[in-house]
Amino acid sequence: MGVNAKQIQKINYFSKVSEDLCSEIAKVVKQKKCSPKTTLLKEGEAGDTMLLIFQGQVEVSKNMMVKTSSGFTMSTKSIIRLETTDPSPANKPITEPTVSVVKAPAFGIGEFSLVLDNAKRTSHVTAMTDINYGIIKLEDFSNIVDKHPSIGGSVYFEVAKSAVNNLATATQDISNLTQAFFFALAK
Amino acid sequence: MDTNKKAETKSSSIDDIDKKIHANQVLYDQLHQSLVDEIVSKDDEAQKKEKSRKSDVSKTRNFLLKFSDYYQSNELFRYALWGFVAVFFSTTILTIIEYPLFSGSVKDDVGDGFMFGGDEPNWVDTFFHTFWWAVVTFTTVGYGDVSPETHLGKFLTIIIMILNLGIVTMLTGAVSSVLVAARLKGDDTLDETKFYGHLIIAGWNPAVQSALRLIEANEDSASVVILINETEEEIIKRAVSGFDRLDITHLSENFTQEGVLKKAFIEECGTFMIVPDESGLLPNEKPDEDKTVLTALTAKSILEDIQVVAYILDEEYISHLHRANVNEIVFPDEHIPHMLAKHVTDPGVPQLFDELITQEKQDKGIQVVSIPKGLVGLTHNKVSAYYKFKHKWLLVGYAIKKAGFSLEEQMGESGSPIIRDMIKEQLDGAGIKLSSDEHVIVEINPDDEYIIDGKHKALVLR
């Protein structure tokens with residue numbers, strides 16, 4: 001039982017943390033398992049935990065207003081799927097992906113919780129296969145960072161890097177959407 | 001005294017300047033002359049190269065291409081060709097298989113007449129004799145003066161006759177269908193070979209005659225014109241009788257219909273012009289401009305790339321025409337406020353405008369000319385000097401063909417794929433095209449350092 005340091009290191013946020021310190025983190029990670037269709041995170045919910053997906057495939061989706069043949073309705077639109085490669089999912093996903101699948105050795109999701117108190121979840125995360133995952137609490141993580149400040153630096157740097165990248169993409173998305181908006185209006 | 005001196009020095013300095021200008025003028029002229037010479041020689045070379053390359057393309061290849069085109073398009077020719085091939089093929093086979101029989105019967109038939117082989121029939125006689133048999137059989141005339149006798153010969157003849165039955169039937173069918181089609185279409189069908197890059201004008205309006213007169217005056221423009229409107233034939237004939245260069249055809253049909261536009265070879269046309277249609281209207285009735293929008297939509301649905309120019313009287317329709325993706329809209333009323341105001345603020349400008357735009361002579365007024373290849377990539381001041389020294393034309397600006405804006409190209413790989421896909425999906429679903437047509441913009445009096453590229457055409461004042 002328990003999570004080992006190697007598993008922690010596979011997650012990009014912790015890739016720069018030494019194995020010794022990773023085992024410190026591993027101590028506070030609570031290992032869990034769940035079956036397909038389980039909702040791991042719910043959009044809008046407050047949360048003070050970060051999830052570490054060690055094995056399996058999850059779908060990230062958002063509530064959006066979409067246009068259907070019968071008019072506009074609120075519906076959950078899938079955005080992306082994340083799949084682990086080390087180890088790869090134990091079984092096939094319950095539905096074929098309709099969006100792109102991003103693959104990495106392991107994933108950390110809900111990383112905003114490491115930065116913000118009571119951060120709101122920005123999207124739904126649903127299990128598509130059997131999932132092997134771990135939960136780390138902000139409080140526990142803060143304690144480790146207090147003891148070993150060097151962890152904080154590298155982890156927060158990685159979190160910041162991904163946040164900045166996301167922000168750049170989001171800016172581009174806004175500009176694309178604005179152009180499309182003008183385009184549609186001009187017709 | 002002082003003032004006198006000043007005046008003297010002043011006049012001498014002006015003389016000085018004049019002298020300097022004169023000396024420099026010669027240099028300036030020489031410089032530009034050499035530039036012009038260089039460019040012209042470069043252009044000539046390029047043209048020569050192109051010509052020699054063109055003549056290199058083998059004539060046989062050209063002939064084969066034409067032949068296959070003709071074969072594809074002409075049903076009658078196709079069947080006739082196959083019929084001929086079948087006759088020739090069966091003749092050859094029968095000549096080989098039944099040689100003794102056919103060569104024997106040559107002598108019986110021809111008797112004392114001329115034979116290629118002299119006294120005894122040779123293979124040419126036999127072949128011709130067999131050919132005679134084949135044609136007699138194929139045309140189902142069947143004289144019966146010659147016929148195969150061996151089992152093998154008869155067996156082959158059976159096959160040939162049955163094959164022939166099919167070919168003759170199809171040939172007969174093709175002949176009659178061509179005749180029937182010709183009768184159905186009557187005089188309406190236009191000779192498609194001449195319609196390429198032509199001008200189609202949908203609707204009739206007094207402005208059309210004047211526009212045609214201006215087009216007639218410019219010898220570089222397309223000469224084939226099709227008018228589509230339901231105005232009386234007599235009126236149109238009278239209106240277009242004065243044109244020499246233009247080849248004008250009148251289609252008296254409803255131009256809002258797709259079939260009618262296709263009959264005018266709209267896919268091949270250079271410009272499709274829609275004007276407010278006054279056909280069959282009383283003097284105080286207004287033309288129905290809904291038809292203009294409808295026709296623009298029809299034309300663009302036939303082929304998106306058609307260059308459509310619409311002349312509209314009512315401002316209300318402009319947005320509709322934009323939505324129909326019309327390339328250019330002519331709305332005369334939009335110039336009126338400017339003309340009126342300029343008569344007050346800048347007298348002379350409206351007159352200049354009139355003078356420039358209403359020039360009917362071919363070699364006067366504002367015109368668009370293509371820029372010699374040698375000038376592409378040079379700066380505006382050089383191009384301007386070229387026209388000034390070579391042709392004595394004033395280069396006013398440039399007409400530039402701008403490629404249509406494509407949202408897809410603009411977005412490229414930026415942002416997240418999900419958003420890009422969603423945009424495409426949603427716009428497609430709403431029937432909005434992701435690109436706009438190419439259009440012409442003008443650049444008037446640019447900076448000296450402005451670079452000219454291949455998409456520029458020169459606007460010159462002659």
Side-chain angles (χ1 to χ4, degrees), chain A residues 43 58-83 95-104 109 122-126 128 162-187, chain B residues 293-294 296-301 304-306 308 310 312 315-329 331 402-441:
Chain A
E43 185 180 351
V58 294
E59 183 167 83
V60 181
S61 55
K62 262 178 105 65
N63 284 335
M64 264 190 214
M65 195 172 67
V66 291
K67 198 178 161 192
T68 61
S69 50
S70 55
F72 290 97
T73 44
M74 281 304 270
S75 126
T76 320
K77 199 168 166 59
S78 31
I79 293 172
I80 205 166
R81 284 198 185 188
L82 308 173
E83 189 181 301
T95 53
E96 279 302 308
T98 52
V99 289
S100 54
V101 180
V102 173
K103 292 183 181 185
I109 49 178
T122 52
S123 41
H124 299 292
V125 175
T126 317
M128 289 289 124
S162 95
V164 168
N165 279 335
N166 286 346
L167 190 63
T169 313
T171 312
Q172 263 307 327
D173 286 345
I174 292 176
S175 103
N176 282 346
L177 284 167
T178 314
Q179 287 183 53
F181 181 65
F182 286 142
F183 214 76
L185 279 186
K187 294 282 160 163
Chain B
V293 179
L294 212 62
L297 283 168
T298 312
K300 282 287 182 185
S301 72
E304 188 61 46
D305 293 340
I306 295 170
V308 179
I312 204 86
E315 196 172 1
E316 202 184 309
Y317 289 95
I318 291 179
S319 58
H320 296 297
L321 288 173
H322 275 302
R323 220 163 294 144
N325 252 332
V326 166
N327 301 66
E328 304 293 341
I329 298 171
F331 176 55
K402 273 266 154 93
F405 175 84
S406 162
L407 187 63
E408 210 166 342
E409 235 168 67
Q410 186 71 24
M411 293 197 296
E413 294 287 302
S414 68
S416 32
I418 172 119
I419 301 286
R420 289 202 305 268
D421 290 348
M422 189 205 72
I423 291 172
K424 280 180 219 160
E425 196 185 300
Q426 291 294 321
L427 288 184
D428 266 351
I432 295 169
K433 276 191 27 169
L434 287 159
S435 60
S436 62
D437 285 344
E438 62 173 25
H439 55 279
V440 174
I441 60 162

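This one's a predicted model, so the numbers in the text were calculated from it and none came from an experiment. In the text below, chain A, chain B and the rest are named by the order of the sequence lines, each starting its count at 1.
Of the residues considered (B:Ser416, B:Pro417, B:Ala324), B:Ser416 shows the highest number of contacts with chain A, using heavy-atom pairs under 4.5 Å.
Looking at A:Ser175, there are no atoms closer than 4.5 Å to chain B (heavy atoms on both sides), in backbone or side chain. With a 4.5 Å cut-off on non-hydrogen atoms, A:Ile80 does not touch chain B at all.
Across all their heavy atoms, B:Gly415 and A:Asp173 have their closest contact at CA-OD1, 3.1 Å.
Using a distance-only test at 3.5 Å, with no hydrogens or angles considered, no donor-acceptor pair links the side chain of A:Asn176 to the main chain of B:Arg420.
The number of heavy atoms from other shown groups lying within 6.0 Å of CE (A:Met74) is above 12.
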Mind running side chain to side chain contact (heavy atoms under 4.5 Å, CB included) on B:Ile419 and A:Gln172 for me, showing each step along the way? CA-CA 10 Å; B:Ile419 301 286; A:Gln172 263 307 327; over 6 Å; no
